[in-house]
Each structure stands twice: as structure tokens, then as C-alpha cells.
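See structure below.
Because the structure is a prediction, the values reported are computed rather than measured. Lettering follows sequence order; numbering is per chain, from 1. Any value given below was found using the heavy atoms of this structure, including those in side chains, with hydrogens, waters and symmetry copies removed.
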Number of protein chains: 2
Amino acid sequence: MFLPMDLVRIYECLCDSTRLRILALLGGGPLCVCHIQDILGESQVKISKHLAYLKTRGLVESSREGNWMMYSIAAKPSPELKANLACLQDCSREDPVFKRDSTKLTKLRTRLAKPACPCAIRTAAKRST
Amino acid sequence: MFLPMDLVRIYECLCDSTRLRILALLGGGPLCVCHIQDILGESQVKISKHLAYLKTRGLVESSREGNWMMYSIAAKPSPELKANLACLQDCSREDPVFKRDSTKLTKLRTRLAKPACPCAIRTAAKRST
DNA sequence: AAACAATATACCGCTTGCGGTATATGCCTT
DNA sequence: AAGGCATATACCGCAAGCGGTATATTGTTT
């Protein structure tokens with residue numbers, strides 16, 4: 001009665017569209033919170049809380065980088081997690097929302113020579129005014 | 001913002017252990033409610049409600065067979081559903097709970113020459129006393 | 001038509017999730 | 001040390017899920 005729980009925990013993480021989008025993004029490598037926030041166009045709290053949710057369930061890890069928090073897919077995913085993330089990447093390939101997100105991400109990445117934070121950009125913009 | 005919904009709907013179905021077990025069982029072919037009920041050892045209401053849940057979201061279909069209701073995986077599953085069910089079957093291969101369920105199922109199947117309902121057996125047992 | 005068997009639904013209480021506003025924390029710059 | 005930026009947490013209200021008891025529904029048997 002108790003071992004499908006690992007799987008259930010995973011699926012609980014997957015049954016929210018914001019979290020799906022986050023995971024799809026992180027599939028492409030680590031990101032800081034404000035990156036995610038910018039790409040998804042959602043509030044800071046919302047993103048932060050979903051990240052916390054994912055973290056407590058072990059799908060995601062975080063590390064501080066100065067002022068920013070970098071989030072990434074768990075370094076040592078369980079076989080089930082691995083399988084399901086692969087499945088997600090596969091399913092999301094066709095979807096307009098996921099595609100838009102990933103386009104936004106690549107744009108962001110090219111716009112920034114080094115993978116700095118968009119916050120840096122926002123700050124720069126403010127200063128130049 | 002709206003198309004990952006198909007995926008979300010699927011994952012919502014997968015994030016309960018009872019539903020996972022049901023889906024894993026149905027992966028092996030159609031079953032009537034009392035089969036499922038017997039194998040999982042859960043109450044009638046519980047099983048029935050989870051089946052209804054799965055049905056409204058299109059993961060599962062039902063057809064009446066005399067007194068029984070036969071449930072089966074959707075005949076024309078979306079690619080996402082197909083992928084995720086395959087993933088589930090894969091993940092469940094190792095799990096003790098799923099294994100126990102499927103063993104119970106094969107026992108049931110061999111015990112019954114034809115795939116009749118366990119209810120028939122229960123009834124017969126009652127009558128013979 | 002009456003009783004029964006298999007399944008579904010109504011209602012209830014409890015818990016969890018979700019998103020929002022307000023506020024706290026931690027690091028960095030000046 | 002003071003202010004600012006990025007992020008996290010507390011609290012709240014609302015909606016949804018889950019499992020239970022009681023009851024309804026539908027088909028079958030006698």
C-alpha cells in the first residue's frame with residue numbers, strides 16, 4: 001500500500017501547469033528565480049512557492065549564487081523521476097505554451113553574453129533612465 | 001497558458017495511489033468493478049468514485065455487461081496519455097504493491113476458466129453454505 | 001412484482017492546494 | 001549601517017480532493 005507513494009509524490013508535482021512549465025524549463029539547465037519569473041510572466045510569490053513545493057519533494061535543488069537562487073533538476077533523480085521528466089520533455093515538444101517558454105529562454109540566453117540574470121538587465125534599464 | 005491542461009488533467013489522475021493501481025491493472029485489459037475492488041481490497045464506493053474520476057477525464061471507458069460494469073483504458077488515448085501510461089507500466093514493474101496486485105489478478109484469471117466476475121464466485125460460495 | 005446483486009450518487013467533514021497581500025530574510029552596494 | 005534587490009514565508013480565503021455513511025439506480029433472478 002505504500003510504495004507507489006514515490007510515484008504519487010512525483011505526479012503531485014506534475015499536476016499543476018506552472019510547475020510543469022518550470023520543470024520543462026529546468027530541463028534545459030539551471031535557472032535563477034527571476035529568469036523563470038520573467039519567462040512565465042507570473043508573480044514572484046507564485047513562482048517561489050511552486051519552486052519550494054518542488055524542492056520539498058526532491059524534484060529540484062537550489063543553490064545560492066550571490067543575490068540569486070539557482071534552481072535545477074535534482075542531481076540524482078530516481079529512475080521514476082528520470083522516466084517521467086523524459087516523458088514530459090517529450091510531450092511538451094508539441095505544445096505552444098512550452099514552445100513559447102523555451103523560445104523566450106533562448107532569446108534571454110543569447111541576449112546575455114554570459115548567463116547573467118535578467119534582474120541585472122532590469123536594474124541596468126532603471127539606471128539608464 | 002492553456003494547452004498544458006491536457007497534460008495536467010492526466011497528471012491529476014495519476015497523483016493518487018488508488019488510481020495508479022487501477023490504471024496499472026487496466027493496462028492488462030478490461031476489468032469489472034468488483035474485480036478491481038477485490039484485488040485492491042478497497043471499499044466499493046472508493047473504487048467506484050475513482051473510476052468515475054478517471055472516466056470524466058477520459059482516461060478510462062466503461063460498458064455495461066449485464067449486471068457488471070467493465071472498465072478499460074480509453075480506446076483512443078491521446079499521445080500524451082499513451083506515453084504516460086507506458087511510463088507508468090514501466091515504473092510499476094519493480095514496485096511490490098503493483099506486483100502484488102498483478103499477481104492477484106493472474107490468480108483470479110486462472111481461477112476462472114472464463115473471465116467471469118469474482119462476484120459470481122462470492123455468490124456461489126454463499127449458496128454452497 | 002419482489003428481492004437481490006452490482007454499481008453509482010448525495011451529502012458531509014477533513015485536509016490539501018492555490019494564489020493573493022503583506023512582511024520577513026539574506027546578500028550586496030554605497 | 002542603511003538602503004536596495006532577490007527571494008522566501010506567514011497568513012487568509014476559496015476551491016477541490018478524498019474517504020466515509022447512507023441511499024439511489026439499474027439489471028437480473030425467482
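- In this structure, CG of B:Leu51 is placed 11 Å from P of C:dT9, rounded to the nearest angstrom.
- Side chain of B:Glu61 to main chain of B:Ala75: a donor-acceptor pair is present (N/O by atom type, distance under 3.5 Å, no hydrogens or angles).
- Distance B:Gln37 CD to C:dA5 P: 14 Å, rounded to the nearest Å.
- Atom P of nucleotide D:dA16 and atom CZ of B:Arg9 are separated by 11 Å, given to the nearest angstrom.
- When each of A:Glu65 and B:Tyr71 is assigned the nucleotide of DNA chain C bearing its nearest heavy atom, the one mapping closer to the 5' terminus is B:Tyr71.
- Atom P of nucleotide C:dT7 and atom CD1 of B:Ile47 are separated by 11 Å, given to the nearest angstrom.
- Distance B:Leu14 CG to D:dC18 P: 12 Å, rounded to the nearest Å.
- Formation of a donor-acceptor pair under 3.5 Å by the B:Arg19 side chain with backbone atoms of B:Cys13 is found in this model.
- Between A:His35 atom NE2 and D:dA6 atom C1' there is a gap of 13 Å when expressed in whole angstrom units.
- In terms of modelled atom types and a separation under 3.5 Å, the side chain of B:Ser92 and the main chain of B:Leu88 share a donor-acceptor contact.
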A:Ile36 and A:Leu51: CA distance, side-chain angles, deciding distance, side-chain contact (heavy atoms from CB on, under 4.5 Å) verdict: CA-CA 10 Å; A:Ile36 302 174; A:Leu51 284 169; 4.2 Å; yes
Nucleotide by nucleotide, nucleotides 14-26 of chain C touches protein heavy atoms under 4.0 Å in the pattern (B base, S sugar-phosphate only, - none) ---SSBBB----B
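- Cluster membership check: A:Val45 does not share its hydrophobic cluster with A:Val60, using side-chain heavy-atom separations under 4.5 Å among Ile, Leu, Val, Met, Phe, Trp and Tyr.
- Side-chain atoms of A:Asn84 and B:Cys91, non-hydrogen and from C-beta on, do get closer than 4.5 Å to each other.
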